[in-house]
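Note on naming: letters A, B, ... go to the chains in the order of the sequence lines (proteins, then strands), and numbering restarts at 1 for each one. Keep in mind the model is a prediction, meaning the values are calculated, not measured.
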There are 2 protein chains.
Amino acid sequence: MEWSTHEVVSATGITSRTLRHYDQIGLLKPSSLSAGGLRHYNQLALVRLQRILLLRELGLPLADIAAVLEGQSSDITALQQQRQHLLRQKERIDAQMRSVEDTINALRKGETIMPKTMFEGFDHSQYEDEVRQRWGDDAAQRSNTWWDGLGEQGRQRFQQELEDLNDAWDQVIAECEAPVSEAAQDVAERHVRWLGSSWQTAHMPRSAVKGIAQMYVDDERFAANYTRVSPAGAQFVCTAVQHYADQHLTEEP
Amino acid sequence: MEWSTHEVVSATGITSRTLRHYDQIGLLKPSSLSAGGLRHYNQLALVRLQRILLLRELGLPLADIAAVLEGQSSDITALQQQRQHLLRQKERIDAQMRSVEDTINALRKGETIMPKTMFEGFDHSQYEDEVRQRWGDDAAQRSNTWWDGLGEQGRQRFQQELEDLNDAWDQVIAECEAPVSEAAQDVAERHVRWLGSSWQTAHMPRSAVKGIAQMYVDDERFAANYTRVSPAGAQFVCTAVQHYADQHLTEEP
DNA sequence: TCTACTGGATGACGCTACGTCAACCGCAAG
DNA sequence: CTTGCGGTTGACGTAGCGTCATCCAGTAGA
């Protein structure tokens, strides 16, 4: 008692293409072929197909299903792995859903996805109130959106580059080079690029960079980053960055 | 102020292949090319890249991201759709996880994934106790596993074919054909195949089919399905199916 | 007997978002 | 002149089929 492709198709709801695919990859061979190469499946094949479809509905990849059916791997093991896999997927989706919700809420408040401020690298949560006072609520929220959107890797890289920069500044400060020296200007360029890597409007005007640099002197919390080897460190960094901005940046795009 | 591929790569954590891919599909063109075709990105491009990566982390497909960035579709709309999409995925994964758990538990109790009984089509939950009494707990649980593994479409098809069969039986019974008539035997063949579509061991022995057919008479709940047009309907179906089994089925594989 | 129709068959390409070679190229240092 | 860096352009592979385009065998109707 054998069944034709059409019969199997209408009984199981899969397509003939699927049957041929399973034949091609060796997952389910027809029990016999009739004239013209027509595929026919006997009960043995149908049982195998049922198992395939059952495991497929559980989300197992066909390769794993094949391994289970060939007895090369335990069904329990495969399903436990699948459970782990599903768990990871679930967590990822949950995280994405939260981010999507947050971003939608941010957008509804009339914000753009692009904007950002330049504070995140120092300490994101610690200075939020400060950001709010100086640049308004919008800036703080935009900042959050950007920072959250960066992802863990992005945040780590951003922080890492900041630390590397601080080390580089410490070094040129310790070497008593002038702020306009080549070594200091090289670090200044890196610093500006680092700022630019999180600067979210099209053009980063010279005045913005110079204003930020000025803050490194005016705000002791930022200054603290650059006075580790010398009290004059903050002024050094400020001068170096402002000089670089004067030399290489423009006010208008 | 432009950045090379290498700089963009190390700043964002994406690969150069990704940048070239985005170039190919027109999602992010480099702002300029230098000798040898080297790609360079200015701030405008980097801003765009930041938005791309943000939306990518939310799980949006690149095509949707492109549409948003080109202003062809609203960002809020796109994210709301994405939220729906994630919700559907979440539900699917949750369902799969439950099924995987159930199947693992069934397997731990020493059961095979394959087995099944022939009751599901009539009423799956209603007769569970009955199945348990006649065939033991194992059979009932295997039955659940199989039934659950079928999926909603599979269950609907299984039910639909049963209803079609019942209608076909009603018709031949009403036409006063003999159980051995060609018309009745045609329906019997369909009936046996329907049984076989859910029969999960390799061979369906003649005696099993005949036993099931006998139940259509002995068990009034099954009989009720075939006595809608005539009180003799159940006996008719039983005789027809048993005759078919005698003619076309074997005891051993 | 010719023809249309059924119910398939076999390629082959398409889809997502890149990873992963292989082969090559321009420029700079040794 | 060669080596190395930092890239470039193809081109194929991934999972699981969907979707053509083309062809073919057997059957029923004219």
Taking salt bridge (charged side-chain N to carboxylate O under 4.0 Å, His left out) as the definition, give me every residue that meets it alongside [X], ordered by chain and number, with sequence neighbours left out.
X	result
B:Asp170	B:Arg228
A:Glu175	none
A:Arg56	none
A:Glu7	B:Arg193

message: Are A:Tyr244 and A:His191 packed together at the side-chain level, in the sense that at least one heavy-atom pair is separated by less than 4.5 angstrom?
response: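 Answer no - side chains too far apart.
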message: Counting C-beta onward and ignoring hydrogens, is there a side-chain heavy-atom pair between B:Asp23 and B:Lys29 closer than 4.5 Å?
response: yes
- prompt: Going through the checks in order, is the side chain to side chain contact (heavy atoms under 4.5 Å, CB included) test met by A:Asn105 and A:Arg108?
  reply: CA-CA 5 Å; A:Asn105 288 334; A:Arg108 282 210 176 114; 4.1 Å; yes
Can you list the residues that meet the side chain to side chain contact (heavy atoms under 4.5 Å, CB included) rule with [X], with sequence neighbours excluded?
X	result
B:Glu91	B:Leu87
B:His21	B:Arg17, B:Ile25, B:Leu62
A:Thr5	A:Val9, A:Ser16, A:Leu19, A:Arg39, A:Tyr41
B:Glu182	B:Asp186

- prompt: Near DNA chain C, under 4.0 Å by heavy atom, which residues of residues 84-96 of chain A?
  reply: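 Hits under 4.0 Å, by residue number: none.
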Can you tell me the distance, in whole Å, between the [atom1] atom of [X] and the [atom2] atom of [N]?
X	N	atom1	atom2	result
B:Leu60	C:dC18	CG	P	13 Å
B:Leu62	C:dA17	CG	C1'	6 Å
A:Ile65	D:dA15	CD1	P	13 Å
B:Leu19	C:dA17	CG	C1'	14 Å
B:Leu28	C:dC18	CG	P	13 Å

[X] side chain near [N] phosphate (N/O to OP1/OP2, under 4.0 Å):
X	N	answer
B:Arg56	C:dC18	yes
B:Thr5	D:dT8	yes
A:His6	C:dG8	yes
A:Tyr22	D:dC17	yes
B:Ser34	D:dG6	no

message: Let me check the geometry of the helix from C:dT1-D:dA30 to C:dG30-D:dC1. What is the bend angle between the axes at its two ends, five pairs each, to 10°?
response: 50°
Would you tabulate the nitrogen or oxygen pairs shorter than 3.5 Å linking the protein to nucleotides 23-30 of chain C?
none

If I take atom [atom1] from residue [X] and atom [atom2] from residue [Y], how far apart are they, to the nearest 0.5 angstrom?
X	Y	atom1	atom2	answer
B:Arg48	B:Ile65	CZ	CD1	10.0 Å
B:Asp75	B:Gln82	CG	CD	13.5 Å
B:Leu86	B:Gln84	CG	CD	9.5 Å

- prompt: B:Thr15 has a side chain; which of D:dG18, C:dG19, D:dC17 sits nearest to it?
  reply: C:dG19
Among C:dA9, D:dG16, C:dA17, the one nearest A:His21 by side-chain distance: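 Nucleotide nearest to A:His21's side chain: D:dG16.
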message: Any base atoms under 4.0 Å from B:Ile25, or only sugar-phosphate, or nothing? Heavy atoms, all strands.
response: nothing
Would you tabulate the pairs of protein nitrogen or oxygen atoms and nucleotide nitrogen or oxygen atoms of nucleotides 10-14 of chain C closer than 3.5 angstrom?
unit_1: C:dT10; atom_1: OP2; unit_2: A:Arg39; atom_2: NH1; d: 2.9
unit_1: C:dT10; atom_1: OP2; unit_2: A:Arg39; atom_2: NH2; d: 2.8

